[in-house]
Amino acid sequence: MKRLLITLMLSAMAPAAFAVTTIKAEVNGMVCAFCAKGIEKKLKALPEGQGTFVDLKSRVVALQLKDAKDVSDEAFNKVIQDAGYSVSKVERVSLTLAEIQAQVANAGKAGGK
């Protein structure tokens, strides 16, 4: 019984130990799929990144960071600006790219009603 309690306690603490950090931004100036692909390509080139998500319709760009890696907001903004776009809002969230993608899809469905 004691072993079961310890296992449950450790498994409950595990998600906090491996928290995901994703930089999520709203980007101005994206008007076509080529724009979105250009930003995605630039973000994928960052060695600290684990994956990217770019949604043209909602103007959302996200970079999920690798464990124990970081990119400053300034460096993130510079990548977007060097690609020819401007960032209107940046935030760090503890969500995976799949979770952000689901949020964007749900927001689109709610807005389309």
Side-chain angles (χ1 to χ4, degrees):
M1 183 69 169
K2 200 177 221 182
R3 189 177 296 173
L4 177 63
L5 287 174
I6 291 171
T7 303
L8 288 172
M9 287 175 47
L10 289 175
S11 65
M13 292 183 336
F18 299 106
V20 173
T21 300
T22 303
I23 303 172
K24 181 179 171 189
E26 291 179 13
V27 176
N28 295 322
M30 285 195 304
V31 295
C32 66
F34 183 75
C35 299
K37 281 292 181 193
I39 291 172
E40 184 176 29
K41 183 178 178 181
K42 296 275 187 187
L43 290 175
K44 280 184 176 181
L46 292 173
E48 300 86 357
Q50 180 173 315
T52 61
F53 169 69
V54 179
D55 185 73
L56 178 62
K57 187 175 180 182
S58 65
R59 302 177 304 129
V60 169
V61 172
L63 173 68
Q64 185 173 325
L65 299 172
K66 292 178 181 174
D67 289 340
K69 297 291 183 180
D70 194 21
V71 173
S72 69
D73 289 351
E74 293 79 20
F76 179 83
N77 287 344
K78 184 167 177 13
V79 169
I80 305 278
Q81 290 168 351
D82 287 352
Y85 309 94
S86 64
V87 177
S88 60
K89 179 182 174 184
V90 175
E91 62 182 324
R92 289 174 184 263
V93 295
S94 296
L95 299 171
T96 65
L97 295 176
E99 291 168 327
I100 292 171
Q101 189 172 9
Q103 281 183 345
V104 169
N106 289 337
K109 289 177 186 174
K113 288 183 179 180

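Sequential numbering from 1 along the given sequence is applied to the chain's residues.
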Side-chain donor-acceptor pairs of residues 33-53 under 3.5 Å, sequence neighbours excluded:
| from | atom 1 | to | atom 2 | distance (Å) |
| --- | --- | --- | --- | --- |
| Lys37 | NZ | Glu40 | OE1 | 3.2 |

Heavy-atom closest pair (Thr96 atom, Gln64 atom, distance to 0.1 Å) is CA-OE1, 3.5 Å

Qualifying residues under side chain to side chain donor-acceptor pair (under 3.5 Å), relative to Asp55, sequence neighbours excluded: Ser58

Would you say Val54 and Met30 make side-chain contact, with heavy atoms under 4.5 Å? yes

Consider only side-chain heavy atoms of I, L, V, M, F, W and Y, link residues closer than 4.5 Å, and tell whether Tyr85 and Val87 are in one cluster. yes

From Leu95 CG over to Gln103 CD, what is the distance, rounded to the nearest 0.5 angstrom? 5.5 Å

Could you state whether Ile100 and Leu65 fall into the same hydrophobic cluster, counting links through intermediate Ile, Leu, Val, Met, Phe, Trp or Tyr residues with side-chain heavy atoms under 4.5 angstrom apart? no

Should Leu56 and Val61 be counted in the same cluster of Ile, Leu, Val, Met, Phe, Trp and Tyr side chains packed under 4.5 Å apart? yes

Supply the atom-to-atom distance Leu63 CG to Leu97 CG, rounded to the nearest 0.5 angstrom. 8.0 Å

Pairs satisfying salt bridge (Lys or Arg N to Asp or Glu O under 4.0 Å), at least one member in residues 71-82, at least two apart: Asp73-Arg92, Lys78-Asp82

Residue that, paired with Val71, satisfies side-chain contact (heavy atoms from CB on, under 4.5 Å) out of Asn77, Ile23, Val79: Ile23

